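I am attaching a structure below and will ask some questions about it afterwards.
For clarity, every value in this text was computed on a predicted model and none was experimentally measured. Counting convention: from 1, in listed order, for ligands and their atoms alike.
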Amino acid sequence: MGADRARLSPARSLPARGRHAAAPAPGPSRRGERPRARAATGVRAAARRAGPVIIESILTTLDGAGTPNFAPMGVEWGDQDIVIKPFLETTTFRNLRDTGAAVVNLTDDVMLFAQGAIATVQFPAVPATAVRGVVLEAVCSWREVEVRSLDATPPRARVVTAVVHRGFRREFLGFNRARHAVLEAAILATRTHLLPAEQIRDELARLQVIVDKTAGPREREAMALLSDYVRTVPAVRTAPARR
Ligand SMILES: Cc1cc2nc3c(=O)[nH]c(=O)nc-3n(C[C@H](O)[C@H](O)[C@H](O)COP(=O)(O)O)c2cc1C
């Protein structure tokens, strides 16, 4: 952390930076006050524009026969409510519609995101506590949710769910750049039919640098899996649009 940022107490507003920091002190006010006020206004405006926080999960659902489905899904996070936005062609959407329940699994194992992005997968799991569903064995913590409302307007449903149970299994360690890079690569892998091949190649190359610098074996393996997949999948697929 830079020295300037280390000196800030948590309650203080951010200092003016860049262009604003270099501006001359205007009028009778103390040197730098107005640019700082302008910067604070900008920060507040940016905060007002922000949408809900999206947390990347492995969402588990069951079909009518009780077969589990595992899919990476970014969900709109709330303490009491979680909004899931599956495309209508996904198994996740059908299961939510048909059974009204899911488990939002939070895990630091990005291999599950990589595998789930490129194939239909089954992972080790145990029964959930409060809903008909399953909890990943590789989970750090989880939320069991029940559907409260479902808007199936194409192309992407909006499913509002209520949290009915929370569970914790193990610590979620701090940020790791390689894990985030693999998440981005997994999302790219679901968009090979939408994006130009060159753009995907360039973005993967940029993400690979981060993986090379900061990954452990699991992240390296996950990135290699995604890179191989992207290299071999036809550039334009006929699959329907996904996230
Ligand atoms: C990190 C990540 C987040 C994703 N979020 C969504 C999402 O919010 N909605 C969605 O429909 N697909 C999302 N996808 C793509 C789905 O995981 C993918 O389409 C998957 O095949 C759907 O599986 P299912 O048909 O078994 O439900 C995401 C993929 C990744 C890698």
So Arg166 and Val163, do their side chains get closer than 4.5 Å, heavy atoms only? yes

Taking distance alone, with no angle check, do Leu183 and ligand 1 share an N/O pair under 3.5 Å?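 There is no such contact.
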
Just to verify, what does Asp81 make a side-chain hydrogen bond (donor to acceptor under 3.5 Å, both in side chains) with, not counting sequence neighbours?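 Asp81 satisfies side-chain hydrogen bond (donor to acceptor under 3.5 Å, both in side chains) with no other residue.
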
Classify the contact between Asn69 and ligand 1 as side chain, backbone, both or neither, using a heavy-atom distance cut-off of under 4.0 Å.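 Within the 4.0 Å criterion, Asn69 contacts ligand 1 through side-chain atoms alone.
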
Donor-acceptor side-chain pairing of Thr107 and Asp109 below 3.5 angstrom: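 The criterion, which ignores hydrogens and geometry beyond distance, is not satisfied for Asp109 and Thr107.
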
Taking only residues two or more places apart in sequence or in another chain, which ones pass salt bridge (Lys or Arg N to Asp or Glu O under 4.0 Å) with Arg158? Glu76

May I ask you to list the atoms of ligand 1 that are less than 4.0 angstrom from any heavy atom of Ile187?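 Heavy-atom distances to Ile187 below 4.0 Å select 1 (C), 2 (C), 30 (C), 31 (C).
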
If you count the atoms of ligand 1 from 1 in the order shown, which ones are under 4.0 Å from a heavy atom of Ala186? 31 (C)

Main-chain N/O of Val135 paired to Thr60 side chain as donor or acceptor, under 3.5 Å: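 The answer is no, because no donor-acceptor pair under 3.5 Å joins these two groups.
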
Nearest atoms (heavy-atom pairs only) where Pro86 meets Leu96: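 Residues Pro86 and Leu96, closest heavy atoms: CG-CD1, 4.1 Å.
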
Give the atoms of ligand 1, by number and element, whose distance to some non-hydrogen atom of Lys85 is under 4.0 Å.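 Listed by number with element: 7 (C), 8 (O), 9 (N), 10 (C), 11 (O).
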
Close N or O approach (Glu89, ligand 1; < 3.5 Å):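 Glu89 vs ligand 1: no N/O contact under 3.5 Å.
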
When only distance counts, is Pro72 in polar contact with ligand 1, meaning an N/O pair under 3.5 Å?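 Yes; at least one N/O pair falls below 3.5 Å.
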
Using a 3.5 Å cut-off on N or O atoms only, is Phe70 in polar contact with ligand 1? no

N or O contact, Thr91 vs ligand 1, cut-off under 3.5 Å: yes

For atom 1 (C) of ligand 1, which candidate among Glu56, Arg94, Glu76 provides the closest heavy atom?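 The option holding the nearest heavy atom is Glu56.
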
Roughly how far, to the nearest 0.5 Å, is the CD atom of Glu219 from the NE2 atom of His180?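 These two atoms lie 10.5 Å from each other.
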
List every atom of ligand 1 that sits less than 4.0 Å from any heavy atom of Arg156, numbering the atoms from 1 in the order shown and giving each element.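 In order of numbering, the contacting atoms are 7 (C), 8 (O), 9 (N).
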
On a heavy-atom basis, the closest approach of Leu62 and Pro68 is CD2-CA, 3.5 Å

